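Index from 1, following the sequence. Keep in mind that this is a model prediction, so the values were computed, not measured.
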Amino acid sequence: MDLLLALLAFLLSITGIVGCIVPVVPGVVLSYAGLLCSWGASYSQIPASTLWLWLALTLAVSVADYFLPGWMTRRFGGSRAGAIGSAF
């Protein structure tokens, strides 16, 4: 089971790194899922407090990633349609 979790953690982490470049793939969330998979293995020494900290950072980055472009578009003079378009 540890080998499966390690392989899944590796694949999710690599996909998360790719997702930080490719806009369609949610990179931060996939990287956190890889961290959770590695935490589930018996060899893991990651404390639960670290997981909670990374969860908070993952949520903050994900919210900023989806809402900040539209808000910044409107803030710097873009139209409503431009703000909606920047969110997608």
Side-chain angles (χ1 to χ4, degrees):
M1 185 68 170
D2 283 343
L3 182 62
L4 178 66
L5 283 173
L7 182 63
L8 189 60
F10 177 74
L11 291 175
L12 284 171
S13 297
I14 295 298
T15 307
I17 291 170
V18 170
C20 290
I21 299 167
V22 178
V24 177
V25 180
V28 178
V29 176
L30 289 174
S31 294
Y32 184 73
L35 180 66
L36 283 178
C37 286
S38 67
W39 177 72
S42 64
Y43 60 82
S44 176
Q45 297 181 0
I46 302 171
S49 60
T50 303
L51 289 176
W52 286 108
L53 175 69
W54 283 111
L55 176 64
L57 289 172
T58 299
L59 291 174
V61 167
S62 295
V63 167
D65 189 32
Y66 289 112
F67 292 114
L68 203 58
W71 181 74
M72 293 300 282
T73 301
R74 292 292 295 180
R75 172 109 171 106
F76 290 108
S79 67
R80 182 174 187 271
I84 292 171
S86 70
F88 296 105

Measure across Ala9 and Gly34 and return the closest heavy-atom pair with its distance rounded to 0.1 Å.
-> CB-O, 3.3 Å
Atom pair OG (Ser79) and CZ (Arg74), whose distance is rounded to the nearest 0.5 Å | 7.0 Å
Quick one: are Val29 and Tyr32 in side-chain contact, heavy atoms under 4.5 Å?
-> no
Short question: side chain of Ser86, backbone of Ala83 - any donor-acceptor pair under 3.5 Å?
-> yes
Any sub-3.5 Å donor-acceptor pair from Asp2's side-chain atoms to Ala41's backbone N or O?
-> no
Tell me whether Leu53 is reachable from Leu55 by hopping between hydrophobic residues (I, L, V, M, F, W, Y) whose side-chain heavy atoms are closer than 4.5 Å.
-> yes
Candidate list Ile14, Leu8, Thr15, test side chain to side chain contact (heavy atoms under 4.5 Å, CB included), partner Leu12, passing option | Leu8
Examine Leu57 and Leu35 and state if one hydrophobic cluster contains both, with Ile, Leu, Val, Met, Phe, Trp and Tyr joined whenever side-chain heavy atoms are less than 4.5 Å apart.
-> yes
Decide whether Leu68 and Phe76 are clustered together by the hydrophobic rule: side chain heavy atoms of Ile, Leu, Val, Met, Phe, Trp, Tyr closer than 4.5 Å, transitively.
-> yes
Do you reckon Trp52 sits in the same ILVMFWY cluster as Trp39, going by side-chain contacts under 4.5 Å, direct or chained?
-> yes
Applying the side chain to side chain contact (heavy atoms under 4.5 Å, CB included) test to Leu7, which of Leu5, Leu3, Leu11 qualifies?
-> Leu11
Tell me whether Val61 is reachable from Trp54 by hopping between hydrophobic residues (I, L, V, M, F, W, Y) whose side-chain heavy atoms are closer than 4.5 Å.
-> no
Where the side chain of Ser44 meets the backbone of Gly40, is there a donor-acceptor pair that is under 3.5 Å apart?
-> no
Heavy-atom side-chain contact between Leu51 and Ile46 under 4.5 Å | yes
